[in-house]
*Asks:* 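Structure in structure tokens, see below.
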Amino acid sequence: MSDAAPGVLRVGVSGAAGRVGSAICAAVEAAEDLELAGRADPQLGVALADILGDCDVVVDFTTPDTALENAQACLRAGVHVVIGTTGFDVDALRDAEGANVFAAPNFAIGAVLMMRFAAEAARHMPKAEIVELHHDGKLDAPSGTAKRTAELMGGDVPIHSVRLPGLVAHQEVILGDVGQTLTIRHDTTSRESFMPGVLLAVRRVGDLDESPVVGLERLL
Ligand SMILES: NC(=O)c1ccc[n+]([C@@H]2O[C@H](COP(=O)([O-])OP(=O)(O)OC[C@H]3O[C@@H](n4cnc5c(N)ncnc54)[C@H](O)[C@@H]3O)[C@@H](O)[C@H]2O)c1
């Protein structure tokens with residue numbers, strides 16, 4: 001078990017070799033109040049179980065078919081978990097005990113604002129559709145952000161998914177009314193956009209008074 005300096009949180013990253021996970025490792029290493037306690041990823045030959053004993057918090061950016069199992073393993077070990085992985089049912093963790101769960105379909109502040117503005121606009125304009133566009137390595141469709149946006153807008157909003165090389169993560173919410181449309185668009189041009197939100201969640205997950213908590217807006 002690694003000993004961190006007092007006040008320093010020991011953070012493990014699950015999916016550490018991935019596009020987002022590798023950026024999180026760098027962000028944790030650069031933060032003075034956080035210690036990178038372990039990198040778990042089959043690509044690195046390290047299992048999550050191998051690092052749990054060294055961690056206060058685990059950040060999971062893996063795949064839809066493994067995120068739930070990973071979160072349950074963290075909770076059984078009494079380790080808080082911050083989940084960015086999309087395409088699985090966070091509600092399955094509703095009665096889980098042992099530690100806290102924080103999940104967000106999008107950790108970029110601009111995307112959180114897009115969702116808030118879209119929810120506000122939907123109260124005033126009758127019809128809307130969502131177009132979400134992502135890189136072609138993304139496994140789930142529609143995106144977690146699009147599903148969450150539709151939910152916040154009151155439900156019945158068609159979603160169109162585009163998967164192409166060259167894209168990172170983008171979303172347009174197009175609202176229509178007689179003689180006018182309104183388009184609200186967010187573009188993630190670099191995965192660094194997610195880092196401030198992820199680090200905020202890492203620092204706060206241990207103090208949540210309920211679990212799971214879903215959505216970065218709950219911490220702002
Ligand atoms: N919430 C957000 O803000 C946000 C932002 C971007 C991506 N995402 C989501 O995060 C997830 C990861 O995205 P990505 O683009 O980094 O994917 P990626 O494919 O680049 O990385 C996933 C990594 O997880 C690893 N992995 C698979 N099974 C594992 C296991 N059991 N334990 C540990 N690691 C395991 C893979 O080997 C891979 O390196 C996706 O679900 C994506 O939709 C969320």
Side-chain angles (χ1 to χ4, degrees), residues 11-28 36-52 54-55 58-74 76-77 79 81-90 101-115 132-149 151 159 161-171 186-202 205 212-220:
V11 182
V13 178
S14 171
R19 281 174 285 254
V20 182
S22 51
I24 293 171
C25 290
V28 169
L36 184 62
R39 303 170 198 249
D41 197 303
Q43 289 195 59
L44 303 173
V46 181
L48 178 60
D50 299 337
I51 68 165
L52 279 178
D54 291 329
C55 301
V58 160
V59 182
D60 188 278
F61 277 73
T62 57
T63 62
D65 62 351
T66 194
L68 184 58
E69 202 181 301
N70 288 350
Q72 286 163 338
C74 291
R76 277 195 302 275
V79 174
V81 59
V82 171
I83 308 173
T85 311
T86 54
F88 80 103
D89 184 13
V90 184
V101 178
F102 177 84
N106 204 311
F107 280 93
I109 181 68
V112 173
L113 293 171
M114 167 192 63
M115 289 187 258
E132 57 96 341
L133 312 92
H134 283 82
H135 61 90
D136 57 349
K138 184 171 175 62
L139 296 178
D140 56 319
S143 71
T145 302
K147 286 198 279 192
R148 177 82 174 150
T149 308
E151 207 177 281
I159 302 172
S161 300
V162 177
R163 297 288 175 270
L164 286 172
L167 294 170
V168 182
H170 316 262
Q171 179 168 299
H186 176 255
D187 295 280
T188 290
T189 52
S190 154
R191 291 177 178 87
E192 282 166 35
S193 63
F194 305 125
M195 298 307 126
V198 170
L199 297 194
L200 175 69
V202 162
V205 66
V213 168
V214 178
L216 188 65
E217 64 279 8
R218 300 281 306 273
L219 301 182
L220 300 174

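For ligands, and for the atoms within them, numbers begin at 1 and follow the listed sequence. Computation of the quantities below employed the complete heavy-atom set of this structure, encompassing side-chain atoms and omitting hydrogens, waters and symmetry-equivalent molecules.
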*Asks:* What part of Leu48, side chain, backbone, both or neither, has a heavy atom within less than 4.0 angstrom of ligand 1?
*Replies:*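 For Leu48, there is no contact with ligand 1 at all, from either part.
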
*Asks:* Among Asp41, Ile24, Leu216, whose heavy atom sits nearest atom 23 (C) of ligand 1?
*Replies:*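 That would be Asp41.
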
*Asks:* Quick one: which of Leu44, Val20, Val112 has a heavy atom closest to atom 7 (C) of ligand 1?
*Replies:*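 Of the listed residues, Val20 has the closest heavy atom.
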
*Asks:* Assess whether a salt bridge exists between Lys138 and Glu132, defined as any Lys/Arg side-chain N lying under 4.0 Å from an Asp/Glu carboxylate O.
*Replies:*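 No, Lys138 and Glu132 are not salt-bridged.
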
*Asks:* Is the contact between Ala169 and ligand 1 made by the side chain, the backbone, both, or neither, using heavy atoms and a 4.0 Å cut-off?
*Replies:*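 No part of Ala169 is near ligand 1 at this cut-off.
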
*Asks:* For Thr62, which of Val20, Asn70, Leu48, Ile83 qualifies under side chain to side chain contact (heavy atoms under 4.5 Å, CB included)?
*Replies:*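 Result for side chain to side chain contact (heavy atoms under 4.5 Å, CB included) with Thr62: Asn70.
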
*Asks:* Per the side-chain hydrogen bond (donor to acceptor under 3.5 Å, both in side chains) rule, what does the pair list look like for residues 189-201, sequence neighbours excluded?
*Replies:*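 Matches after skipping sequence neighbours: none remain.
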
*Asks:* Any N or O on Phe107 sitting closer than 3.5 Å to an N or O of ligand 1?
*Replies:*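 Phe107 vs ligand 1: N/O contact under 3.5 Å present.
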
*Asks:* I need the full list of salt bridge (Lys or Arg N to Asp or Glu O under 4.0 Å) pairs touching residues 38-49, with sequence neighbours left out, sorted by first then second residue.
*Replies:*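 Checked against salt bridge (Lys or Arg N to Asp or Glu O under 4.0 Å) - neighbours excluded - the pairs reaching residues 38-49 are Glu29-Arg39.
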
*Asks:* May I ask you to identify the nearest protein heavy atom to atom 19 (O) of ligand 1, giving residue, atom name and distance to one decimal place in Å?
*Replies:*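 Of the protein heavy atoms, Arg19 NH2, 3.5 Å lies nearest.
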
*Asks:* One residue to check: Phe194. Relative to ligand 1, which of side chain, backbone, both or neither has a non-hydrogen atom less than 4.0 Å away?
*Replies:*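 It is the side chain that gets close, since no backbone atom is under 4.0 Å.
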
*Asks:* Considering distance alone, does some N or O of Ala108 sit under 3.5 Å from an N or O of ligand 1?
*Replies:*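 It does not: no N or O of Ala108 is found under 3.5 Å from an N or O of ligand 1.
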
*Asks:* Where the closest heavy atom to atom 43 (O) of ligand 1 is concerned, which of Ile83, Thr86, Leu139 has it?
*Replies:*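 Ranked by closest heavy atom to atom 43 (O) of ligand 1, first place is Thr86.
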
